[in-house]
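Let me begin by presenting the structure, written as structure tokens, before commenting on it.
Source: prediction; values computed, not measured. Scope of the values below: all heavy atoms of this structure, side chains included, with no hydrogens, waters or symmetry mates.
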Amino acid sequence: MRDHAQSRYAASALSPERRASDLRRLRRERFDVLIIGGGVTGTGAAVDAASRGLSVALVEARDYAAGTSSRSSKLIHGGLRYLEQLEFPLVHEALTERGLLATRLAPHLVRPVPFLVPLPAGRGPRDMVARALRRGYYGAGVAMYDAFAGLLGRRRGMPLHRHLSRAAARRLVPSLRPDAIAGAIRYYDGQVDDARLVVTLARTAASLGAAMVTSARVVGLLRKAREVIGARVRDVEAPPGDPDAEFEVRARTVIAATGVWTDDVTRMLGDVGVRAGLRVRASKGVHVVVPRSAITGDAGLILRTATSVLFVIPWGGHWIIGTTDTDWAGDRWHPAASARDIDYLLTQVNTVLDRPLSTSDIEGVYVGLRPLLAGNAESTAKLSREHAVVEPMLGLLMVAGGKLTTYRVMAADVVDRAARRLGVDRPSRTADLPLLGADGFTAMWRDRADLARRYGMPVGAVEHLLERYGTLTVHLLRMIDADPTLAAPVVGAPEYLTVEIAYAARAEGALHLEDVLTRRTRIAIETAHRGTESARHAADVMGAVLGWDAAVRAREVENYLARVAAERQSQQMPDDATAGAARLGAPDVREQAPCSPCAG
């Protein structure tokens, strides 16, 4: 429970001091709920459980959103393709969540983005009939999409769809080849910085009293007879040889929200012959990022492929193009994109562009693994995005499957099960609980010019901060007021301000350079140098907050540069096996010497 003598903002700060304090709590308290996994489902479950008044702890082996939750298509959406698969309840549920996030829970993070569904061109009388049928078919699907979201009301959060002629479609996206389309349908979905959503959830949980600790790896489950009563945890940041690096965390219920690592938790129970009741299959999704100048347009695209769909998504000064959907059998912490994956994406998108893209246009590449519930389907593209909650052993709940958009539903489902087990009769409150930074956002956005004048900042800089931090922006502006050097752009990444690096270390739980360059900001995928030109500046700024000496700063930079080099090499490899091997050539920063202020 939160100390009510503290403000909600102060209680939310994931500072080095807070990490040390929460580590002490893990060692001495017995929690109602211990959550394993710091992705969107785990942090969402922490918010849900803490908001019901339960005592909550969360441990994450690496960083918030270090796995799947920072490597999505950055969309909050229902999934048009799931209508075609007749998964109507899934689409309706996801669109309901989209409306909640865009209007009430996180309007500072989720905003509408327009998409075109291009209608293929053709010639001759037969093709005229085919074009009419296709427009009717796709139009009916998009109309149903809007209907599931609710045709009227403020809870939709998105405008309605509209049919466009070829000329109107090319006015919106001039880069479309005129001979490739007969027209288009414009519709809207939601966009979010996925990693920022997860950090916001983590801070919201912390503000409600949850103990939140990253770089804390579960190495075993504690059992009493045939009941799970906690976990054995290793503090990855502890000094080498520290006898207290491993410790026990006691809890009345353990929730594993571990995504594609679900089977790893199951194996911890192998000695008693427990079967999980679900299996998770890892589906690899590759995205490439190109500069906004590579494609001329003011709307994204959704394209049909032979096996799935392909998105071309506006992303600030960039476009995100993705994704693939294939099995991945390699290292799950370090999935890799091969040259074949990248060629596939470029080939597909070039079918509709008047200027074909090439590898020289690519600024960044990222790879995520979707946790799909395993079934009998031969292809991961055919597996469902539904989720499941199981209790393979008394005291252990596992939640898996689902998608970014429906994280809140997944969290509520698993915490409902935990609450029943604990004899707590309190329903989920999260449909009416704005995330940190959401309260007052509409008014602050309206008055952003006044806010900029008050702090002597350009309006554009304040808008950038508001769209990433919401009403927490005032705290970053106060940091700049106290130290004007923090108003400078990050070296090599002028879209970001130096204050964002310092704030990530001070209040957002960033412990390592890669945490900041790949997740708190997206410099790693939004610059052609992949963050290498920003690394030394960022390490100096982080080091000033975390107390790094010159040796630690140099090691952080060296590890980051090695990571980027390994990723670049992997993207030259012809297949998954060789790409995965190349990616593993870089050292893992969380297996190196610790950052001493972060240790408990």
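- Counting only heavy atoms from C-beta outward, the side chains of R196 and Y469 approach each other to under 4.5 Å.
- With D576 as reference, K284 is the one residue of R583, R340, K284 to meet the salt bridge (Lys or Arg N to Asp or Glu O under 4.0 Å) rule.
- Between R292 and E363 there is no salt bridge, since none of the side-chain N atoms of the basic residue sits less than 4.0 Å from a carboxylate O of the acidic one.
- A salt bridge links E500 and R468; the closest N-O separation between the charged side-chain nitrogens and carboxylate oxygens is under 4.0 Å.
- In this structure the side chain of I76 reaches within 4.5 angstrom of the side chain of L404, judged on heavy atoms.
- R332 CZ: more than 12 foreign heavy atoms inside a 6.0 Å radius.
- A side-chain donor-acceptor contact under 3.5 Å links D194 and S72.
- Between E514 and R563 a salt bridge is recorded (basic side-chain N to carboxylate O distance below 4.0 Å).
- D264 has a carboxylate O that lies under 4.0 Å from a charged side-chain N of R267, or vice versa, which qualifies the two as a salt bridge.
- Counting heavy atoms of neighbouring residues, nucleotides and ligands inside a 6.0 Å radius, atom CD of E558 does not exceed 12 of them.
- Below 30°, between 30° and 60°, or above 60°: for H475 and Y9 the angle between ring planes is below 30°, a parallel geometry.
- Looking at heavy atoms from C-beta onward, D63 lies in side-chain contact with R519 at the 4.5 angstrom threshold.
- Between D193 and R522 a salt bridge is recorded (basic side-chain N to carboxylate O distance below 4.0 Å).
- Residues H512 and Y560 place their aromatic rings such that the two centres sit no closer than 6.0 Å.
- With respect to D540 and R553, a salt bridge is recorded, a charged nitrogen being found less than 4.0 Å from a carboxylate O.
- Side-chain contact annotation: S73 with H287, donor-acceptor N/O pair under 3.5 Å present.
- Judged by distance alone, the side chains of S338 and D341 do bring a donor and an acceptor atom under 3.5 Å apart.
- Using a 4.0 Å cut-off between charged side-chain N and carboxylate O, D327 and R281 make a salt bridge.
- Using modelled atom types, no side-chain atom of D343 and backbone atom of A339 make a donor-acceptor pair closer than 3.5 Å.
- The pair R27-D235 fails the salt-bridge criterion, with no side-chain N (NZ, NE, NH1 or NH2) lying under 4.0 Å from an Asp/Glu carboxylate O.
- For the residue pair W315 and Q191, no side-chain donor N or O sits within less than 3.5 Å of a side-chain acceptor on the partner.
- Side-chain polar atoms of S215 and E237 form a donor-acceptor pair below 3.5 angstrom.
- If you check the side chains of T266 and D263, you find no donor sitting under 3.5 Å from an acceptor.
- Relative orientation of the H108 and F441 rings is tilted, given thresholds of 30° and 60° on the angle between their planes.
- A heavy-atom distance below 4.5 Å is found between the side chains of V289 and Y366.
- Between P314 and V113, some side-chain heavy-atom pair lies under the 4.5 Å cut-off.
- Looking at L465 and V462, their side chains never come closer than 4.5 Å, going by heavy atoms from C-beta outward.
- Within the 4.5 Å cutoff, the side chain of E495 has no heavy atoms near those of the T521 side chain.
- Counting heavy atoms from C-beta outward, H537 and T498 have side chains that approach closer than 4.5 Å.
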